[in-house]
Amino acid sequence: MFVYADNAATTKISKRALTAMISASENYYGNPSSLHSSGQQAAEQLFNARERIAKKLNAASSREIYFTSGGSEADNQAILSIAENGRKKGKMHIIASAFEHHAVLHTVKKLEKQGFEITLLDVHKDGIVDLSELKNAIKDETCLVTIMFANNEIGTIQPIKEIGRICRERGIVFHTDAVQAAGHIPIDVQDMNIDLLSLSAHKFHGPKGIGALYCRNAIHLHNLIEGGAQERSKRAGTENLPAILGMAEAFDESCENMNKTSEYVSSLRNRLIEGLSEIPHSVVNGDTVQRLPGNVNMCFEGIEGESLLLLLDMKGIQASSGSACTSGSLDPSHVLLAIGLPHEVAHGSLRLSLSEENTPEEVEYIIKEVPQVVEYLRNISPVWEALEKGDIKHVI
């Protein structure tokens, strides 16, 4: 059996999105900036796509939507823009969470080298920001709070509306990286007090290489890319209309089916957590209620996540691990360390991320195969032998 359970990394493009892209390539090939009829037909399609995305986010105007190459670019433009605005006012303090995506963390670290003060909030065992700690971290010099909507590894959902309210009351700009949330859980930028929001199409069955940045009209954006006057002179480069229309179609489809999909995928997730939790010395990472519908993230003591992934792949199960191999040395996930897991446990992580295309039969297959692979790896592990003998104490 083949099981694709890595939807948090990327999703399979939907037929509706693919059809929209093919149609755009065949019928709307003109440059949207051109004055002739082909260009204006393309411009109309571009306008409609912007309107559709704005409507689904409940933006006040389609002019608040800027198309980007994806979530990373949107994160960078949002953070660097607000930092520059803050610098001009003498406000050079930024607050983020400790387990943001690297598109956010690396950007604020870059700003730190430029003289900005960066506060990274703890996310604790449940993987959720404490609102009282956020309030205490805010200073007169704070220009930006950037907290992700839902975590890409452990799937925990933050109290975005409350965070936005706190920021709005203090006159601080609030940005959220909603790459994992968009298309999967409801988003209302006005009701949730969101000033800037990043999303990426390939996380909700759209194409890769296209995303969007929502920016409230009152906020000034700075360019990352100089050149032409596209995207109201804030993002130069001829718009990738096929990808944009594919994203708009995928976002419409995901939002239209959200309630049904969420209920179905959540049931698969809960069954998977139930089944895998029977493995001795295992733990579910992050809050089990405030969690994305398809996210299952667990650690199994005494094994390495990479070995687990390779053996599962041989059995047809495609997943991911919380740890990453960088420059030949194995480093545990910063997300898992941020929620308090020790290095030796964080190494043995497994992320299974489901979509509406997964089936109950596939979930049962995962529940059958993962324990066998974990047992095999433990049987050949000197660390597990030491744990079982009592030479090392179990953490889980």
Side-chain angles (χ1 to χ4, degrees), residues 5-9 96-106 108-109 120-130 133 146-158 177 179-181 203 269 272-273 276-277 279-312 317-354 366 370 373-374 377-378 381 383-384 387 392-396:
D6 198 18
N7 288 279
S97 79
F99 74 167
E100 294 294 313
H101 189 277
H102 282 128
V104 170
L105 287 179
H106 288 174
V108 297
K109 289 295 184 183
L120 298 181
L121 298 175
D122 290 334
V123 287
H124 309 284
K125 184 179 180 180
D126 62 1
I128 297 176
V129 168
D130 186 308
E133 293 180 6
T146 175
I147 304 289
M148 66 196 326
F149 207 117
N151 186 263
N152 54 302
E153 289 192 27
I154 62 174
T156 49
I157 301 170
Q158 301 302 322
D177 177 339
V179 167
Q180 291 292 331
K203 304 295 187 178
R269 175 202 66 193
L272 191 51
I273 289 176
L276 296 184
S277 294
I279 298 175
H281 302 286
S282 65
V283 64
V284 179
N285 298 314
D287 192 271
T288 56
V289 177
Q290 297 300 318
R291 190 184 198 95
L292 289 172
N295 179 281
V296 176
N297 189 297
M298 299 185 68
C299 283
F300 306 101
E301 194 172 14
I303 67 168
E304 292 286 354
E306 279 66 25
S307 299
L308 177 60
L309 289 183
L310 292 171
L311 291 177
L312 288 177
I317 300 170
Q318 297 186 350
S320 63
S321 175
S323 52
C325 189
T326 306
S327 300
S329 63
L330 189 65
D331 294 320
S333 159
H334 74 285
V335 171
L336 299 182
L337 296 181
I339 63 173
L341 290 178
H343 282 66
E344 63 271 22
V345 173
H347 277 304
S349 63
L350 174 68
R351 182 185 70 179
L352 298 154
S353 43
L354 308 173
I366 294 172
V370 170
V373 174
V374 170
L377 290 173
R378 284 174 171 174
S381 168
V383 173
W384 181 252
L387 286 166
I392 305 175
K393 289 186 178 180
H394 281 285
V395 178
I396 300 177

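In this structure a side-chain-to-backbone donor-acceptor pair under 3.5 Å is missing from R378 to F300. Put simply, the side chain of S321 gets close to the backbone of S349: a donor and an acceptor are under 3.5 Å apart. Without hydrogens or angle criteria, R351 side chain to G155 main chain gives no donor-acceptor distance under 3.5 Å. For the pair S277 (side chain) and I273 (backbone), a donor-acceptor distance under 3.5 Å is present. Not a single donor-acceptor pair under 3.5 Å links the side chain of T156 to the backbone N or O of I128. Judged by distance alone, the side chain of R291 and the main-chain N or O of V296 form no donor-acceptor pair under 3.5 Å. With N297 contributing its side chain and E153 its backbone, the two residues share a donor-acceptor pair below 3.5 Å. The backbone N or O of E301 sits nowhere less than 3.5 Å from a side-chain atom of E344 that would complete a donor-acceptor pair. A donor-acceptor pair under 3.5 Å is formed between the side chain of Q180 and the backbone N or O of A8. At distances below 3.5 Å, not a single donor-acceptor pair connects side-chain atoms of K393 with backbone N or O atoms of L387.
Taking both residues in full, the closest heavy atoms of G286 and I154 are given as CA-CD1, 4.1 Å, listed atom of the first, atom of the second, then distance.
Atoms CD1 and NE2, from I303 and H347 in turn, are 12.5 Å apart once rounded to the nearest 0.5 Å. Between atom CG of residue L276 and atom OG of residue S282 there is a gap of 7.5 Å, rounded to the nearest 0.5 Å. Summarising the geometry, atom CZ belonging to F99 is positioned 13.0 Å from atom CG belonging to L337; distances are rounded to the nearest 0.5 Å. Note: L354 CG to I366 CD1 = 6.0 Å, rounded to the nearest 0.5 Å. Atom CG of L105 is separated from atom OG1 of T146 by 9.0 Å, given to the nearest 0.5 angstrom.
With sequence neighbours excluded, the residues that form a salt bridge (charged side-chain N to carboxylate O under 4.0 Å, His left out) with K109 are E112. Partners of E133 by side-chain hydrogen bond (donor to acceptor under 3.5 Å, both in side chains), not counting sequence neighbours, listed by chain and number: H124. For S353, the side-chain hydrogen bond (donor to acceptor under 3.5 Å, both in side chains) criterion is met by no residue, not counting sequence neighbours.
Partner of H334 under the ring pair (Phe, Tyr, Trp, His ring centres under 6.0 Å) criterion, chosen from H102, H106, H343: H102.
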